[in-house]
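As structure tokens, the structure follows; a few thoughts come after it.
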Amino acid sequence: MLEYLLSFLILTGAAFTFIGSLGLLRLKDFYMRLHGPTKATTLGVGSLLIASAIFFSSRDTGISLHEVLITLFLFITAPVSAHLLAKAALHLDLHSRAKTPVKSTQQEKGNRL
Amino acid sequence: MTTRPRFLPHPILSPLLTGLWLLLTNSVSPGQILLGLLLGWVIPLLTLRFWPEAITIRRPFTLIRYIGLLLYDIIIANFTVARLILGNPDRLKPVFIELPLDLTSSLAIGLLTNSITLTPGTVSARLSEDGRYLLVHALNENDPDNLIATIKDRYERPLREIFEQC
Amino acid sequence: MLDFAITVAFGLVVLAIGMCCWRLLLGPSAPDRILALDTLYVNAIALLMLLGIHLGNALFFEAALLIALMGFIGTVALCKYLLRGDIIE
């Protein structure tokens, strides 16, 4: 039973990691590519880490929860790096398939970034 | 807020730090608990200049419900994004939207930004200089006004209830 | 069952790492490459955790934690460089 749960978690995790990186390769502009890694990869790695926590808890004498630490850390840092990357891309004025709002560009022109 | 004790400036941060220490060492022996408590007491004192204002949580139950909602939304978001990635990338309609913010505290804005990035098809891109607009990029959205309404109702309102007076 | 799942997962994660490297080489812009590096370190954590389960060794956790910390700091530093042309002000 536990083995099936672990296999399920590992396979889902790996599949999401794969899909996230596939998004990195497939999508058309930078802002769209940002979506794949920040979401899919985070959940993918999250479920792999949970699988690892369950595996070592069932195997060793004590319960092992320190994998939760990495999961938490990733869930907090992934949006921060995504936000910074998007900000850097806007700063460099990268090509985007979506129009940036007019109000914002005017507003930003006067600002020192 | 002026009456908070000087020897324990962050009553919420301290137990969190202790918990993190116990997770990191992966044990609950009395020695580690004692060391964790010590770290939880000393670190906020030493880093007081980073966060002079104490965090106040007005409605702890709303916070717990918000975390649950967020976890559920993250899982849903992942399936949505996975489907969009596997589908035809030429058919996606990415848009930038401007989200007017009602939040004022920087912690609440930070949490909202993180929530937006982690949930369905949206990445927060930039906070305007005056902190009143958040630029959000959506991967595939036909109805931007609806998206703004959803974000405001689903994420911003609970955060406002938790961290700010309303 | 578990061995089979781990083998398949290894394959998927290695392919993911390959795609990140491809994006890293392809660019076309600097933020694209930073994003590829960012994804690369997250994938490396996944690979390490899989290896940990496969070999039954909990020590890989420490390496994964270090990669998580350093990877995040690296991404932030690179973004800051793009934004300001300077890392430490």
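Residue numbers begin at 1 in each chain, while the letters A, B, ... track the order of the sequences.
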What's the shortest heavy-atom distance between [X] and [Y], and which atoms?
X	Y	value
C/Ala68	A/Ile70	CB-CG2, 4.3 Å
C/Ile53	A/Ala51	CD1-C, 4.3 Å
A/Val45	C/Ala46	CG2-CB, 3.9 Å
A/Ala88	C/Cys79	CB-O, 4.4 Å

Region of C/Phe72 that comes under 4.5 Å of a non-hydrogen atom in chain A: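 Just its side chain gets close to chain A.
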
Contacting moiety of C/Leu69, where chain A heavy atoms sit under 4.5 Å: both

Hey, are the side chains of [X] and [Y] touching, using non-hydrogen atoms and a 4.5 Å cut-off?
X	Y	answer
A/Tyr4	C/Leu2	no
C/Leu12	A/Thr17	no
A/Pro37	C/Asp38	no
A/Phe18	C/Val13	no
A/Ser21	C/Ile17	no
C/Met19	A/Arg26	no
C/Thr75	A/Leu84	no

Gap separating the [atom1] atom of [X] from the [atom2] atom of [Y], nearest 0.5 angstrom:
X	Y	atom1	atom2	answer
A/Ile50	C/Met49	CD1	CE	11.0 Å
A/Ile10	C/His54	CD1	NE2	11.0 Å
C/Tyr41	A/Leu74	OH	CG	6.0 Å
A/Ser52	C/Phe61	OG	CZ	9.0 Å
C/Ser29	A/Arg33	OG	CZ	7.0 Å
A/Leu22	C/Leu15	CG	CG	10.0 Å

Max heavy-atom pair count under 4.5 Å with chain C, selected residue of A/Leu48, A/Leu69, A/Val80, A/Leu25: A/Leu25

Heavy-atom pair count under 4.5 Å with chain A, highest-scoring of C/Cys20, C/Gly71, C/Gly56, C/Ala36: C/Gly56

Engaged part of A/Leu34 at the chain C interface, taking heavy atoms whose separation is under 4.5 Å: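 Both parts, heavy atoms under 4.5 Å.
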
